[in-house]
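Below you'll find the structure, written out as C-alpha cells, and then a few comments.
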There are 2 protein chains.
Amino acid sequence: MATKKVTSLEVAKLAGVSQSAVSRVFTPGASASKKTNEKVLSAASELGYRPNILARSLITGKSRIIGLVVSHLDNYFYPEALELLSNALQKKGYHVLVFMASKTSGNIDEVLDEILDYQVDAIILASVAMSSNLATRCVDAGVPVMLFNRTQDDDRFSTVTSDNFLGGQKVAKFLIAGGHKRIGYIAGWEGASTQHDREAGFIEELKQHGRSLYAREVGNFVQDDARQAARKMFTKKEIPDAVFVASDDMAFAVMDVIRFELGLKIPEQVSVIGYDDVPIASWPAYDLTTVRQPANRMVAETVSIILECIENTETKPRRIEIDGPLILRGSAKISDKSNKE
Amino acid sequence: MATKKVTSLEVAKLAGVSQSAVSRVFTPGASASKKTNEKVLSAASELGYRPNILARSLITGKSRIIGLVVSHLDNYFYPEALELLSNALQKKGYHVLVFMASKTSGNIDEVLDEILDYQVDAIILASVAMSSNLATRCVDAGVPVMLFNRTQDDDRFSTVTSDNFLGGQKVAKFLIAGGHKRIGYIAGWEGASTQHDREAGFIEELKQHGRSLYAREVGNFVQDDARQAARKMFTKKEIPDAVFVASDDMAFAVMDVIRFELGLKIPEQVSVIGYDDVPIASWPAYDLTTVRQPANRMVAETVSIILECIENTETKPRRIEIDGPLILRGSAKISDKSNKE
DNA sequence: TAATATTTTGCAATCGTATGCATTATTAAT
DNA sequence: ATTAATAATGCATACGATTGCAAAATATTA
C-alpha cells in the first residue's frame, strides 16, 4: 500500500555488500566480480529494485530523454514518424518526451524552456522552426537540436528532410510527360522550407521545359485552407488540367472538392499529385499519385545523427536530404507515349 | 561552447543570498520577501537560470512526467487523443513520455520497467492491457495507472471509455429502423474490452427486436484483416445489406473492398457504420455514419482523474463511460418513415 | 613460494535542489 | 516604546545514484 521505493542501499544491505557495489553491477562497463554480481542481482530481484534514472541523471548529466516538439499530429505523416522515432530511440535506451507546439502561435519559446528544464539530452523539432535566440540558448546549454522535415538558415543544427527540390522536379517532369497544359500548384505554409523547396523544384523544372505555373493558391498545409484554394482555382473559366498539392493531407481535401463539390473527374479532367505518401494515399478512394517521403529512412538518419551528437559533443551539424520516389497511382494521367512534349 | 549548467548556487552568489532563498523563490508556496524575490529573479534571468526538474524530482518524489503507452498510432483516433492529452497535461505542468508497445507481442512488461525507471507520476495505457502481476508492481511503486479507451477486470485502476455498449445499441437501433434485413458485424480484436462491449450492446439490441446477426467476421482492428473479413462476408450468395464495423479505421478498408473490389453501392446495396468518428469519417469520399467517441471529453476526464490520483494517493479508482452520439452521414440508409419494422 | 600486476571493493564526495529547524528581521499589538 | 506574533533567511541535511581514490583481495609471473 505504502509507496515503496527500493534504493540501492537496501539492496546492498541484503546482499551484504556496499552501496557502490550495487551501483557498479547496474552500471554497464563497471567492474564487479562474479560473486557480487550474483548476490546483488538476486537481492535486487527479491526486492524488486531498479535504478532511479533521475538520480543517475543528476550525476551523469545524461537523462536519456529526447525532447520532441510536434505541432501537426493531424497530418498523418507525423504520427507515423513519431511511432518510428519512438521505437528506434527506445531500442537505444532513450525515450521521447512530447511537447505540443501550439499551432496558432508559431513561437515555441515557452515550450522550449520547459524542455530544457527536463535536462533532455537532445531536441527534435518536427516541422517546427526555432528563433535564432532560442538556438543560442540550446547551444549554450549543450543540447543538440535537430530539425526533422524542415530546414533553416542556421548551421548550428542538423536537418533531415526528403529531397524536396528534387521531388518537386519529379512531379513537374511527370505532369509534363503526361501532356498537361495548364498546371496549377497549391502551396503549403509559406514559412516552411519544405513548401519552399518543393515549389522551387517544381517551378525550376517547368522552366526547363519552357513552361510556367498556370495557377497558384496557398493552402498553408491546412485542409480548410486547401479546400478554399481548390474552390478558387477550379471555378475559373478555364481550369487547370493538373494540380500539384504540397502535401497529401491537403491533396485529399482538394480531391474532395474537385470530385464531390465540382463534379469533375480525376484524372480525366484534372490530374492531382500530392507529397508525402501517407498511408491514406494508397487507399482506393483516393489512389493518389504522390512523392514518397521515406519516413523510415528519415527517422533512421535522425536517430543516428542525434545519438552521434550526444556521444560526441564535437560532432558537426549535418544536412541530410533523402531521395524519395514518385509513386504512380490513379490520380494523375500517365505519360501517353504518342504524346511527347 | 562548453556546456554551462547554471545552478541555484551561482544565482545565489550573484544575488547575494543563500541557495535556499533561490530555491524558495522558484518554489510556489514558499516564503520569500519582495526584496529577495526581485534580486533573485534578476540574477536568475541574467544568468539564464532555470531549476533542474530532475534534481527537484529527486527530493520531492514528483517528476511531473506521465508515462503514456500506445500501440496503435496508425489508428487515427490515437494521434488525436495524444495531441489533446499532451496539450491538457502541458497546461497543468506535466509532460508525456511516450512508450510504444510493440503491436506483435502484447506483453508490455519490458516497457513497463522502463517507465517505472523514469519515476513517472502516473501511467496512462491507451488501448493496452496490463497483466495483473504488473498492476501489482505499479501499485506497490505507488504509481497510479489509468486505462484510456479500454477497461479491464481489475479494480485497481481507473478507466475512461466511451459508452461502448450503448454505442452498439444505437447502431443496432438505427440499422433496424433503416429497414435492414441482413445485418453483419466485423469485430475488432477479441481481447479488447471495447470490441467486446460494442458487440454486446449491438447484439443485445438486435435481440430486443427479435433479430440476430446474419454474418460475423473478425478484423482485429487491423485494416488488412478487415479487408479479408469484408471479402469473406460479401462474396457469399446472399450478402448482408448492412454491416457494423467495430472501428472507423476498419470501416474505411471495408468500404473500399465493398465499393472498389466488389462494385457494390453504398448505401444502396450495403449500409456501413463505423465507430470512433475520426476526422476522415467526415471526408466526402467516405462520409461514414459512425458513433462518435468524444476524444476531448475522454481526455478531459482522464486528465482530471489522473491529477486527482497524483495529488491524493487515497483516491479510489473510477470507471467513466462517456456517451457519444451516432453521427448520421451518407454511408447508411436512413430510416424511411413508411418502413416500420 | 614470494613478488608483482590486476581486479574488486568500500569510503566519501558529488550532482542540483528542497526543506526542517533555529535564528534574525519585520510587523502588529498593547 | 516595549513585547508578542509572524515572516524571512541561512545552515545543514537529504534525495538516490555515480565515481575517483586508496586499500584489500585475487590472479599472474618468475
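All chains are named by letter (A, B, ...) in the order of the sequence lines, taking the proteins before the strands, and each is independently numbered beginning at 1. What you are looking at is a predicted structure, and each value in this text was computed from that prediction instead of being measured.
Without hydrogens or angle criteria, A:Ser86 side chain to A:Leu82 main chain gives no donor-acceptor distance under 3.5 Å.
Rounded to whole Å, atom P of C:dG16 lies 12 Å from atom NZ of B:Lys13. We find that CZ of B:Arg56 is positioned 19 Å from P of D:dC15, with the value rounded to whole Å. When the C1' atom of C:dG16 is taken as reference, atom CG of A:Asp117 falls 13 Å away, rounded to whole Å. Between the CZ atom of B:Arg64 and the C1' atom of C:dA18 there is a distance of 15 Å, given to the nearest Å. The distance between atom CG of B:Leu54 and atom C1' of D:dG16, rounded to the nearest whole Å, is 12 Å. Rounded to whole Å, the distance from CG on A:Leu9 to P on D:dA14 is 12 Å. Distance, A:Phe26 CZ to D:dG16 C1': 13 Å, rounded to whole Å. Distance, B:Lys62 NZ to C:dT19 P: 12 Å, rounded to whole Å.
No contact: A:Val22 has no heavy atom under 4.0 Å from any strand. Within 4.0 Å (heavy atoms only), A:Ser57 reaches no atom of the nucleic acid at all. Heavy atoms of A:Thr27 sit under 4.0 angstrom from primed sugar atoms or phosphate atoms, though from no base atom.
Side-chain polar atoms of B:Thr159 and B:Thr151 form no donor-acceptor pair below 3.5 angstrom. Using modelled atom types, one finds a donor on one side chain and an acceptor on the other under 3.5 Å when comparing B:Arg156 with B:Thr136. A donor and an acceptor atom, one from each side chain of A:Arg150 and A:Ser127, are located under 3.5 Å apart.
Each of C:dT14, C:dG16, C:dT9 was ranked by its minimum atom distance to the side chain of B:Ala55; first place goes to C:dG16. Across C:dA18, C:dG16, D:dT18, the shortest atom-to-atom separation from the side chain of B:Lys5 is found for C:dG16. Of the candidates C:dA18, C:dT8, D:dT19, C:dA18 carries the atom nearest the B:Gln19 side chain, counting heavy atoms from C-beta on. The side chain of A:Asn52 sits closest to D:dA17 out of D:dA17, D:dT9, D:dT19. The side chain of A:Lys35 lies closest to D:dT26, out of C:dA18, D:dT26, D:dT9. Of the candidates C:dA18, D:dC11, D:dA17, D:dA17 carries the atom nearest the A:Thr7 side chain, counting heavy atoms from C-beta on. Of the candidate nucleotides D:dA12, D:dT18, C:dT17, D:dA12 has the atom nearest to the side chain of B:Ser20.
Position along DNA chain D of the nearest nucleotide to B:Leu58 versus B:Ser33 favours B:Ser33 as the more 5'-ward residue. A residue-by-residue look at A:Lys34 and B:Ile59 shows that A:Lys34 has its nearest nucleotide of DNA chain C further toward the 5' end.
Two rings, from B:His95 and A:Tyr118, have their centers less than 6.0 Å apart.
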